[in-house]
Amino acid sequence: MNIILLSGGSGKRLWPLSNDVRSKQFIKIFKNEDGTYESMVQRMYGKIKKIDSDATVTIATSKSQISAIHNQIGTEVGISVEPCRRDTFPAIALATAYLVDVMGVDPNEPVVVCPVDPYVEDDYFEALKKLSDQAAKGEANLVLMGIEPTYPSEKYGYIIPKTKDDTSDVETFKEKPTVEVAKDYISKGALWNGGVFAYKLSYVLKRAHELIDFTDYQDLFSKYETLEKISFDYAVVEKEDKIQVLRFAGEWKDLGTWNTLTEAMTENVVGKGIMNDNCEGVHILNELNVPIIAMGLHDVVISASPEGILVSDKEQSSYIKPYVDGIDQQIMFAEKSWGSYQVMDVEPTAMTIKVILNPGHSMNYHSHKNRDEVWVVLSGTGRTVVDGMEQNIAPGDVITMSAGCRHTVFADTELKLVEIQLGSDISVEDKQKFELE
């Protein structure tokens, strides 16, 4: 089975756990049997591989998410990188070309496209397999998953099938309606359009070549910034007559707000948190190493991270985006392919950061023009290379690097450092990478 997972967005509606480089799909809130937590992308990838261990999974995403993807699910997953945002049709066309030209998948094979972040159970992944199998038959150019509505939603478009069979030709599509109109659609057998569909790779490649002048994946990638912003629905779905819909009646939730996210949580407290018996419908999600106490609250979400603290009525939390847009601060936490970092303190001429490197990983060999740096080893072992000189490091060691000095660090075990940046012009752009000789 070939699957393209669409992973976009900045996730501002789930601030402060999400930010410009950590979208909602990377927040670890789902508890495993061993007591650890996993994110939406980890959960989605793991369940796909459970259903089909040989599945070819490609994530269509932006450059800013690559490090988090590698950190959470490793480097074996395929990644189709969008150079810039151009809506869903260019993204899907690029990922389709990636599968054929880079991964070497036969153009006659089907592929399933779906969002990376819905909350679903095992039956959803079985349905993805059925969707792929139906597309392989070639009875229709597109096969959509139609989700049985659980309430008259204004958030989704609707698919009107011709019959009530499990697989049916599509009569028509309806845009996002009012609640009253949605009730009417549902009474006529309408299904939610959750943006999940399958097709043969050759079909979308043909459509892409009709709309875009390109030769192969590399050519399309190089021209990406010049492409028109256009949705897949507008470019392909609305102009296609041969479309089928496959019904899905299992659990399917869009966890796009704190209200819907907390509904899917199996426990009320993640992280350090305490609430008294007078609390009802309260969830605490705390990434800080200090406790949160809640008393006598009802239907409230409390969320804390290095980015900030949110205390909100759950219904009101869906209106958070314009307030987050008004906050102007640097990224305070990020996952990288080699580990993670958290900003601990910011001064006019200094910044203190806690860095965690995963075993066997290293930073790029790099230098900074406008700042000095000091590393203090807190725990773990590894080695540094500073201007070509290598030395082993252990807890308590201090490494000093002047501006212009080339440096990197390798972790033998999990390695925790405090990095102190010193300078009058500290910036993430002040970094030059080099090959390590």
Side-chain angles (χ1 to χ4, degrees), residues 9 11-19 22-44 117-124 147-156 178-180 182-183 186 192 194 249-327 332-333:
K12 290 183 178 180
R13 295 186 190 278
L14 291 177
W15 185 90
L17 295 194
S18 60
N19 57 30
R22 182 168 72 157
S23 299
K24 62 183 178 181
Q25 55 265 36
F26 301 108
I27 303 170
K28 296 181 180 181
I29 57 165
F30 301 110
K31 195 171 187 178
N32 295 314
E33 292 180 359
D34 62 1
T36 61
Y37 290 87
E38 66 179 359
S39 66
M40 299 179 203
V41 70
Q42 288 174 313
R43 191 171 185 270
M44 179 71 73
D117 52 8
Y119 183 80
V120 289
E121 297 296 347
D122 288 351
D123 55 354
Y124 172 83
I147 298 151
E148 295 276 4
T150 53
Y151 66 97
S153 173
E154 301 173 283
K155 295 194 302 179
Y156 309 119
T178 63
V179 171
E180 290 304 314
K183 288 178 181 177
I186 292 171
W192 281 342
E251 184 172 13
W252 186 91
K253 291 180 180 177
D254 177 14
L255 307 185
T257 67
W258 280 115
N259 201 14
T260 54
L261 184 73
T262 52
E263 285 177 3
M265 291 174 59
T266 57
E267 54 188 351
N268 288 74
V269 178
V270 176
K272 291 187 176 182
I274 303 167
M275 58 181 78
N276 71 353
D277 293 338
N278 292 326
C279 286
E280 281 185 26
V282 176
H283 283 81
I284 298 174
L285 298 94
N286 184 11
E287 292 189 336
L288 302 178
N289 197 30
V290 292
I292 292 174
I293 298 176
M295 303 183 70
L297 300 176
H298 296 260
D299 298 321
V300 166
V301 59
I302 302 170
S303 178
S305 84
E307 299 290 332
I309 298 171
L310 170 72
V311 181
S312 174
D313 170 82
K314 287 183 177 178
E315 287 293 335
Q316 289 295 308
S317 68
S318 61
Y319 304 108
I320 189 176
K321 188 176 182 295
Y323 297 96
V324 177
D325 286 339
I327 298 173
M332 303 297 285
F333 173 86

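As a basis for the values below, the full set of heavy atoms in this structure was taken, side chains included, without hydrogen atoms, waters or symmetry mates. Here the structure is a predicted model, which is why all the values come from computation and not from measurement. For the single chain, residues carry numbers from 1 onward in sequence order.
Surrounding CD1 of Ile309 are at most 12 heavy atoms belonging to other residues, nucleotides or ligands under 6.0 Å away. Environment of OH in Tyr319: sparse, with no more than 12 heavy atoms of neighbouring residues, nucleotides or ligands closer than 6.0 Å. Counted within 6.0 Å of CG on Asn289, heavy atoms from surrounding residues, nucleotides or ligands total 12 or fewer; the atom is thus considered open.
Gln42 contributes a side-chain N or O that, together with a main-chain N or O of Ser39, makes up a donor-acceptor pair within less than 3.5 Å. With hydrogens and angles ignored, the 3.5 Å screen pairs a side-chain donor or acceptor of Glu307 with a backbone N or O of Met332. With hydrogens and angles ignored, the 3.5 Å screen pairs no side-chain donor or acceptor of Ser23 with any backbone N or O of Gln25.
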>> Between Tyr119 and Glu121, is the side chain to side chain donor-acceptor pair (under 3.5 Å) condition met? List the steps.
In response: CA-CA 7 Å; Tyr119 183 80; Glu121 297 296 347; 3.3 Å; yes
> Where do Asn268 and Met275 land on the side chain to side chain contact (heavy atoms under 4.5 Å, CB included) test, with the steps shown first?
Replying inline: CA-CA 9 Å; Asn268 288 74; Met275 58 181 78; 4.2 Å; yes
> Given the rule in the side chain to side chain contact (heavy atoms under 4.5 Å, CB included) test, do Lys272 and Val290 qualify, once you have shown the distances and angles that lead to the verdict?
Replying inline: CA-CA 7 Å; Lys272 291 187 176 182; Val290 292; over 6 Å; no
>> Pair Arg22, Glu287 - check salt bridge (Lys or Arg N to Asp or Glu O under 4.0 Å), show working.
In response: CA-CA 14 Å; Arg22 182 168 72 157; Glu287 292 189 336; 2.8 Å; yes
> Passes side chain to side chain contact (heavy atoms under 4.5 Å, CB included), Ser318 versus Trp258? Steps please.
Replying inline: CA-CA 7 Å; Ser318 61; Trp258 280 115; over 6 Å; no
>> For a side chain to side chain contact (heavy atoms under 4.5 Å, CB included) check, start with the C-alpha distance between Thr262 and Met265, then their side-chain angles and the critical distance, and finish with the verdict.
In response: CA-CA 5 Å; Thr262 52; Met265 291 174 59; 4.1 Å; yes
>> Please determine whether side chain to side chain donor-acceptor pair (under 3.5 Å) holds for the pair Thr36 and Asp34, giving the CA-CA distance in whole Å, both sets of side-chain angles, and the decisive distance to 0.1 Å.
In response: CA-CA 6 Å; Thr36 61; Asp34 62 1; 2.6 Å; yes
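In this structure, Tyr156 and Trp192 have tilted ring planes: the angle between them lies in the 30° to 60° band.
Between the CG atom in Leu297 and the CG atom in Asn278 there is a gap of 10.0 Å [rounded to 0.5 Å]. Of the inter-residue distances, the one linking Leu255 atom CG with Thr260 atom OG1 reads 5.0 Å to the nearest 0.5 angstrom. Between atom CG of residue Leu288 and atom CZ of residue Phe333 there is a gap of 11.0 Å, rounded to the nearest 0.5 Å. To the nearest 0.5 Å, atom NZ of residue Lys24 and atom CE of residue Met40 are 6.0 Å apart. Ser305 contributes atom OG, which lies 7.0 Å from atom CH2 of Trp15 (distance to the nearest 0.5 angstrom). Between atom CG of residue Leu14 and atom CG of residue Leu261 there is a gap of 5.5 Å, rounded to the nearest 0.5 Å.
Between Arg43 and Asp117 there is no salt bridge, since no side-chain nitrogen of the basic residue lies less than 4.0 Å from a carboxylate oxygen of the acidic one.
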